[in-house]
Amino acid sequence: MEKWLPDSDTDPRLKMVEENLKEIRFHMGEAAVRSGRRPEDITLLAVTKTVAPDLINHAIECGVDKIGENRVQEFLSKKPDLHLDSVGVHLIGALQTNKVRKIVGEVEMIQSVDRIHLAREISRISEEKGLVTHCLVEVNIGEEQSKSGIPRDEAMELVEQIAELPGIQVEGLMSIPPICETSAQVRQYFSNMHQLFLDIKAKKLDNVCMKYLSMGMSGDYQEAILEGSNLIRPGTALFGLRKK
C-alpha cells in the first residue's frame with residue numbers, strides 16, 4: 001500500500017515552501033551574479049530546526065539537497081521519517097563533546113567546531129568508526145559573549161591544530177554576525193570573515209581544504225553572498241516562522 005503524501009495543491013504549507021524556495025533561489029542568483037559568480041557557485045542549505053518531516057521532504061522534492069539541523073537529538077528523532085538518499089545533512093548548532101559519538105557518521109559535515117577539545121573528540125570517534133568527518137570552524141566574528149565560536153584572531157591557530165589530527169578535515173569557516181541596523185554594517189562583518197577565509201586558504205595547510213564559507217541566514221543571505229559566502233543557511237525564509 002502506497003504511503004499517502006500531502007498534495008501541494010491542497011496543503012498551503014507545502015505551497016508556501018515551493019514559493020519561498022523559488023524566491024530564495026531568485027535572490028541567490030541575483031546576488032551571485034552581482035558578486036561576479038554563477039548562481040550554481042552558491043550552495044543552499046535549508047535549516048530545518050523544529051520543521052516537520054513532511055515539510056522537509058517536500059523541500060527535498062523541490063530540489064533542496066542539503067539540510068542543516070541544530071540539535072543532535074532532534075535530527076536523530078526525525079531522521080527515520082526523512083527522505084535523505086541524495087541529501088547531505090550538516091550539523092550547524094553547538095555540539096557538546098558528549099554528543100559527538102551519536103552524530104559522527106550520521107551527518108555529512110559538522111559546521112560548529114570552535115575548540116580543539118571538541119575537534120580531538122571528533123577525531124577520536126571518527127578514527128574508531130573508520131571515518132573522516134568533514135567540519136567547518138565556527139568563528140565568533142562579532143566576539144559576542146552570547147554566541148559560540150572562536151574569536152577571529154584565534155581561528156588560524158585552531159585550523160592549524162585541527163589539521164594535525166586524523167579522522168577530521170577542515171573544509172572552511174562558518175559564522176553568524178551580530179544583529180546590525182544597516183546592510184553596510186553586516187556586510188563589514190561578512191567582509192572580515194571572507195578575508196579570514198582567504199588568509200587561511202592562502203596558507204595551503206595539509207589536511208585543510210578551504211571549500212566553504214558558510215554565512216548568511218534568512219535575513220542577510222544576499223549581503224553574505226555579495227561579500228563572498230558560498231553556502232547560505234535560510235530557515236524561516238523557506239519554512240516560515242519556527243514553532244517555539
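Numbers here simply count residues along the sequence, with the first being 1.
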[X] to [Y] - nearest heavy-atom pair and separation:
X      : Y      : value
Val51  : Leu55  : CG1-CB, 3.8 Å
Tyr189 : Gly142 : CE2-CA, 3.9 Å
Ile60  : His83  : CD1-O, 3.4 Å
Val104 : Ser126 : CG1-OG, 3.6 Å
Leu213 : Asn230 : N-OD1, 2.8 Å
Tyr221 : Glu23  : OH-O, 4.3 Å

pair [X]-[Y]: side-chain heavy atoms closer than 4.5 Å:
X      : Y      : answer
Ile92  : Leu45  : yes
Phe190 : Ser229 : no
Leu44  : Met28  : yes
Thr97  : His117 : yes
Glu154 : Asn140 : no
Leu82  : Pro53  : yes
Ile125 : Ile122 : no
Phe75  : Leu91  : no

State whether [X] and [Y] are salt-bridged, where the test is any N-O pair (Lys NZ or Arg NE/NH1/NH2 against Asp/Glu carboxylate O) under 4.0 Å.
X      : Y      : answer
Lys78  : Glu69  : yes
Arg187 : Asp220 : no
Arg152 : Glu143 : no
Lys102 : Glu106 : no
Glu19  : Lys22  : no
Lys147 : Glu138 : no
Arg124 : Glu127 : no

*If we ignore angles and hydrogens, is there a donor and acceptor under 3.5 Å between the side chains of His134 and Glu108?*
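Side chains of His134 and Glu108: no pair found under 3.5 Å.
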
Above 12 or not: heavy atoms from other molecules or residues under 6.0 Å from [atom1] of [X]?
X      : atom1 : value
Glu40  : CD    : yes
Lys66  : NZ    : yes
Ile179 : CD1   : no
Glu160 : CD    : yes

Would you say [X] and [Y] are hydrophobically clustered, going by side-chain heavy atoms of ILVMFWY under 4.5 Å?
X      : Y      : value
Leu196 : Ile141 : yes
Val159 : Leu95  : yes
Ile110 : Ile150 : yes
Leu158 : Met174 : no
Val113 : Val132 : no

Under a 3.5 Å distance rule, please check whether [X] uses its side chain to pair with a backbone N or O of [Y] as donor and acceptor.
X      : Y      : value
Gln169 : Cys209 : no
Lys129 : Arg101 : yes
Asn20  : Leu238 : yes
Ser218 : Thr236 : yes
Gln185 : Glu181 : yes
Ser175 : Val139 : yes

*asked:* Set out, in order, the CA-CA distance, both residues' side-chain angles and the distance that settles side-chain hydrogen bond (donor to acceptor under 3.5 Å, both in side chains) for Asn192 and Gln188, then state yes or no.
replied: CA-CA 6 Å; Asn192 291 343; Gln188 186 59 59; 3.0 Å; yes

Point-to-point distance, once rounded to the nearest 0.5 Å, from [atom1] of [X] to [atom2] of [Y]:
X      : Y      : atom1 : atom2 : answer
Leu136 : Tyr212 : CG    : OH    : 8.5 Å
Met215 : Ile225 : CE    : CD1   : 10.0 Å
Ile162 : Cys135 : CD1   : SG    : 5.0 Å
Glu121 : Arg115 : CD    : CZ    : 10.5 Å
Leu14  : His58  : CG    : NE2   : 4.5 Å
Leu76  : Lys99  : CG    : NZ    : 9.5 Å

*Please report the C-alpha distance between Val47 and Met217 in whole Å, then the side-chain angles of each, then the deciding distance to 0.1 Å, and finally whether the side chain to side chain contact (heavy atoms under 4.5 Å, CB included) criterion is met.*
CA-CA 9 Å; Val47 176; Met217 299 187 294; over 6 Å; no

*Report the C-alpha separation of Gln195 and Asp199 in whole Å, then their side-chain angles, then the decisive distance to 0.1 Å, and conclude whether the side-chain hydrogen bond (donor to acceptor under 3.5 Å, both in side chains) test is met.*
CA-CA 6 Å; Gln195 187 58 55; Asp199 290 345; 2.9 Å; yes

